[in-house]
Structures are given as C-alpha cells and as structure tokens.
Colleague: 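One structure, pasted below without further comment.
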Amino acid sequence: MDNENSSLESQSNNTKFVKINEIRLSERPTLTIEEAAALYNIGENKLRELTDADECKFVLFVGRKRLIKRKQFDEYIGRSFSI
C-alpha cells in the first residue's frame with residue numbers, strides 16, 4: 001500500500017513540474033536573456049549591456065539570474081529608435 005501512495009505522489013509531483021514548463025513563451029511576464037534575444041532578435045551581449053545600466057527599468061535580478069521584464073521591455077523597444 002505504501003508503494004502505491006508514494007507512486008501516486010511521484011506522479012502528482014511530476015505533473016506539477018510539467019505544467020510549469022508548459023507555460024508558453026508569449027505568456028511569461030519575464031524572460032531570460034537567451035529567450036529575449038531569440039524573441040526580439042537582439043544579441044545576448046547587447047541585452048546584457050543594456051541591463052547593466054543602473055537606470056535600466058526592465059531588468060529583474062533573482063540572485064545572480066538576470067530576467068527581462070517583458071512589458072517594460074516592450075515599452076522600451078517601442079520608444080527607442082536604435083539600441
């Protein structure tokens with residue numbers, strides 16, 4: 001009986017993990033540098049350079065991980081002539 005319960009718990013945990021990974025890129029409020037580079041056709045190095053600035057309003061640091069705030073980045077792109 002214990003094996004059945006632990007098996008069901010494992011399946012339940014795996015299902016939760018899969019659902020998190022199935023979130024579409026277009027629905028994510030934040031993007032990694034790699035995702036943003038691919039989506040906006042901007043180089044990763046250029047994105048890192050832009051997000052290094054202290055006045056950058058579209059970067060979010062989670063520990064050492066650098067995320068792009070999608071809404072703010074869309075607004076920045078809309079206002080910019082060149083980057």
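Residues: numbered from 1 along the sequence shown. Predicted, not measured: the structure shown is a model, and the values here were computed from it.
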Colleague: Show the nearest heavy-atom pair for residues A37 and G43, with the distance to one decimal.
Modeller: CB-C, 4.2 Å
Colleague: Against K69, only a single residue in L60, V59, D74 fulfils side-chain contact (heavy atoms from CB on, under 4.5 Å); can you say which?
Modeller: L60
Colleague: Same cluster for I77 and I33 if Ile/Leu/Val/Met/Phe/Trp/Tyr side chains link at under 4.5 Å?
Modeller: yes
Colleague: Could you measure the distance from the CD atom of Q72 to the OG1 atom of T30? Nearest 0.5 Å is fine.
Modeller: 10.5 Å
Colleague: Quick one: CG on L39 to CD1 on I68, what's the gap to the nearest 0.5 Å?
Modeller: 11.0 Å
Colleague: Would you say the side chain of Y40 lies within less than 4.5 Å of the side chain of L47, judging by non-hydrogen atoms?
Modeller: no
Colleague: Name all residues meeting the side-chain contact (heavy atoms from CB on, under 4.5 Å) criterion together with E35; count only those two or more places apart in sequence or in a different chain, and write none if there are none.
Modeller: L25, R28, L31, T32
Colleague: Within this structure, what is the CZ-OG1 distance for the pair F61 and T51, rounded to the nearest 0.5 Å?
Modeller: 5.5 Å
Colleague: Going by the salt bridge (charged side-chain N to carboxylate O under 4.0 Å, His left out) test, which pairs reach into residues 37-59, not counting sequence neighbours?
Modeller: E34-R48, E44-R48, K46-E49, D52-R66
Colleague: Does one hydrophobic cluster hold both L50 and L67, with members joined at side-chain heavy-atom distances below 4.5 Å?
Modeller: no
